[in-house]
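Labels below follow one simple rule: chain letters A, B, ... track the order of the sequence lines, proteins then strands, and each chain is numbered from 1.
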Amino acid sequence: MPELPEVETIAADLRQRIIGEKIQEVVVHDARLIRDFPRSVFADCPAPGFIRAVKNREIQKIERQGKALIFYLSGGKYILAHLGMTGQWVLADSAPRAKVSITLSSGQRLHYNDQRIFGGMTVVADLAKVPYLRGLGPEPLSPGFLRVFQAIAMTGIKAPVKSFLLDQHKIAGIGNIYASEILFRAGIDPRCPVNQITEPQLRILGKQIVAVLKEAVCQRGTSKRDYLDASGRQGSFQNYLRVYGRAGKPCSVCGKPIQRVVQAGRSTFFCSICQK
DNA sequence: AGGTCGACCTGGCAGC
DNA sequence: TGCTGCCAGGTCGACC
């Protein structure tokens, strides 16, 4: 599900509703979800250790970094969570398919669902030592991003620009949906190597990264399949997609059919007339 | 060094 | 109806 706008929406929702609450009870329905971030599984079942580590701590702050969600707990512990493809954090009395359920001091219940189990969570004592966070590129919504982006993009990268946008080490938070949308708005062919894009085009690209992500945050994310916010509601940016998931349908600008190609095993959507 | 590809999982859906 | 194959918003490690 989650790219930057979706994780940002969930973080904002949870911030409003559970800051200051104490974790009273944790039930792990599927131990595969509790794992070293984000994929490697502990040799033995880590769930009891996770529960012990977070129980009775207060949630003091919630932040997003890239596509990761971080719960700051009292006593210097952090829950580090990643939603993978199908993860959901939902506040609700019950959630029949929840993989992890957390009861808070007010009686609210926070559930983590994840159909494909690509996401998960772990508890850490030092964020600075987490390889995923250390490796993240600049945040598109942070001040000074455009200048940093320009500098990174000018380092002679030969990869197709679509792969570049998806690389979390280069830029944090962009995923498959927004990469296609950003490139359409910038008028750049997703297959074009980064080092063949002109400086003025790169400036437009940087601005479109910021514009598309900001707009998607305002629309509370894109609910194409599974994504729901922390109240279980859909986002609305799917109503504004110009190319993603529209293969064969007419381009909103020139009317020619939107193309779908596969790059690095993932679908890319674009207009071969409007994007050069 | 830097880029590409399969593996990790489950479920929905189109086509036969 | 039921089977098969394809598809899905992410990330990492093996491989070139």
Side-chain angles (χ1 to χ4, degrees), chain A residues 1-10 29-42 64-69 80-89 96-99 112-122 130-137 152-153 155-183 190-196 212-213 216-217 219-229 234-241 243-248 260-269:
Chain A
M1 62 170 281
E3 305 183 32
L4 183 155
E6 290 76 32
V7 184
E8 185 65 40
T9 300
I10 291 172
H29 307 285
D30 188 331
R32 289 176 295 178
L33 271 294
I34 311 299
R35 54 184 170 183
D36 204 0
F37 195 71
R39 240 193 66 196
S40 56
V41 180
F42 288 122
R64 175 195 62 76
Q65 278 188 44
K67 301 173 192 171
L69 196 59
L80 187 58
H82 196 294
L83 296 131
M85 296 273 252
T86 51
Q88 302 172 338
W89 283 100
R97 304 170 90 169
K99 298 281 195 280
Y112 181 70
N113 304 323
D114 193 343
Q115 184 190 100
R116 288 174 75 186
I117 323 180
F118 283 5
M121 68 194 80
T122 188
V130 177
Y132 176 84
L133 299 178
R134 290 168 64 103
L136 285 176
I152 294 172
T155 53
I157 295 161
K158 286 179 256 176
V161 61
K162 163 81 178 325
S163 309
F164 166 68
L165 293 183
L166 288 182
D167 186 346
Q168 302 300 297
H169 303 275
K170 302 286 197 303
I171 309 161
I174 301 174
N176 210 34
I177 292 180
Y178 297 112
S180 283
E181 294 301 312
I182 288 163
L183 288 167
R191 301 163 296 184
C192 183
V194 179
N195 62 4
Q196 287 179 26
V212 169
L213 293 176
V217 169
Q219 297 296 330
R220 304 182 56 78
T222 301
S223 293
K224 196 67 189 165
R225 304 181 147 239
D226 306 303
Y227 166 69
L228 298 174
D229 69 19
Q234 295 200 333
S236 52
F237 196 74
Q238 65 276 12
N239 301 324
Y240 301 90
L241 296 175
V243 287
Y244 184 85
R246 300 193 66 245
R260 172 181 177 267
V261 293
V262 175
Q263 290 181 288
R266 325 215 37 204
S267 292
T268 300
F269 300 88

Checklist entry - Between C:dT11 atom P and A:L4 atom CG, what is the distance in whole Å? => result 11 Å

Item to check | Separation of C:dC12 C1' from A:L166 CG (nearest whole Å) | outcome: 15 Å

Checklist entry - Going by distance alone, is a donor N or O of one side chain under 3.5 Å from an acceptor N or O of the other, for A:E3 and A:Y227? => result no

Next on the checklist: Tell me the interatomic distance from A:R97, atom CZ, to B:dC9, atom P, rounded to whole angstroms.
Outcome noted: 18 Å

Next on the checklist: Using the P atom as the point on both nucleotides, what is the distance between C:dT4 and B:dC9, in whole Å?
Outcome noted: 22 Å

Item to check | Shortest side-chain distance from A:Q168, nucleotide among B:dT4, B:dT10, C:dT11 | outcome: C:dT11

Next on the checklist: As a test of your reading of the structure, name each stem of DNA chain B as range with range, where a stem is three or more consecutive Watson-Crick or G-U pairs at under 3.5 Å.
Outcome noted: B:2-8 with C:10-16, B:10-16 with C:2-8

Checklist entry - What orientation do A:Y178 and A:F237 show, parallel under 30°, tilted 30 to 60°, or perpendicular over 60°? => result tilted

Checklist outcome for this item: Separation of C:dG10 atom P from A:Q88 atom CD, nearest Å, is 15 Å

Set out, line by line, the N/O atom pairs under 3.5 Å between protein and nucleotides 5-8 of chain C.
{"residue": "C:dA8", "atom": "OP1", "partner": "A:S267", "partner atom": "OG", "Å": "2.4"}
{"residue": "C:dA8", "atom": "O4'", "partner": "A:R225", "partner atom": "NH2", "Å": "3.3"}
{"residue": "C:dA8", "atom": "N3", "partner": "A:R116", "partner atom": "NH1", "Å": "3.3"}

Checklist entry - Just how far is it from atom CG of A:D30 to atom CG of A:N113, taken to the nearest 0.5 Å? => result 11.5 Å

Checklist entry - Looking at B:dG3, B:dG11, B:dT10, which one has an atom nearest to any side-chain atom of A:K170? => result B:dG3

Next on the checklist: Starting the side chain at C-beta, find the nucleotide from B:dG3, C:dC12, C:dG10 nearest to A:A159.
Outcome noted: B:dG3

Next on the checklist: Which residue is it: A:T268, A:V212, A:L165? I am looking for the one with a side chain to side chain contact (heavy atoms under 4.5 Å, CB included) to A:L183.
Outcome noted: A:L165

Item to check | Atom of A:V7, atom of A:K67 and distance for their closest heavy-atom approach | outcome: CG2-O, 3.6 Å

Item to check | A:Q196 side, atom CD; A:R191 side, atom CZ - distance, nearest 0.5 Å | outcome: 12.5 Å

Item to check | Atom-pair distance (CZ on A:R64; P on C:dG10), nearest Å | outcome: 14 Å

Next on the checklist: Is there aromatic stacking of A:F118 on B:dC9 here, judged by a ring-centre distance under 5.5 Å and a plane angle under 30°?
Outcome noted: no

Checklist entry - Are a donor atom and an acceptor atom from the side chains of A:S267 and A:R260 found within less than 3.5 Å of each other? => result yes

Next on the checklist: Please report the interatomic distance OG1(A:T9) to CG(A:L228), rounded to the nearest 0.5 Å.
Outcome noted: 12.0 Å

Checklist entry - If only side-chain N and O atoms of A:S163 are considered, is one of them under 4.0 Å from the OP1 or OP2 phosphate oxygen of B:dT4? => result yes

Item to check | Gap between atom CG of A:D114 and atom OG1 of A:T86 - 0.5 Å precision | outcome: 4.0 Å

Next on the checklist: Check this one for me: any side-chain N or O of A:H82 less than 4.0 Å away from OP1 or OP2 of C:dT11?
Outcome noted: yes

Item to check | Separation of the P atoms in C:dC6 and B:dA7, to the nearest angstrom | outcome: 14 Å

Checklist outcome for this item: Rounded to whole Å, NZ of A:K224 lies from C1' of B:dG12 at a distance of 15 Å

Checklist entry - Using a distance-only test with no angle check, is there a side-chain donor-acceptor pair under 3.5 angstrom linking A:Q219 and A:S236? => result yes

Next on the checklist: From OH of A:Y132 over to P of C:dC12, roughly how many Å is that when rounded to an integer?
Outcome noted: 7 Å

Item to check | Separation of B:dG3 P from A:L165 CG (nearest whole Å) | outcome: 13 Å

Checklist entry - In whole Å, what separates the P atom of C:dT11 from that of B:dG11? => result 22 Å

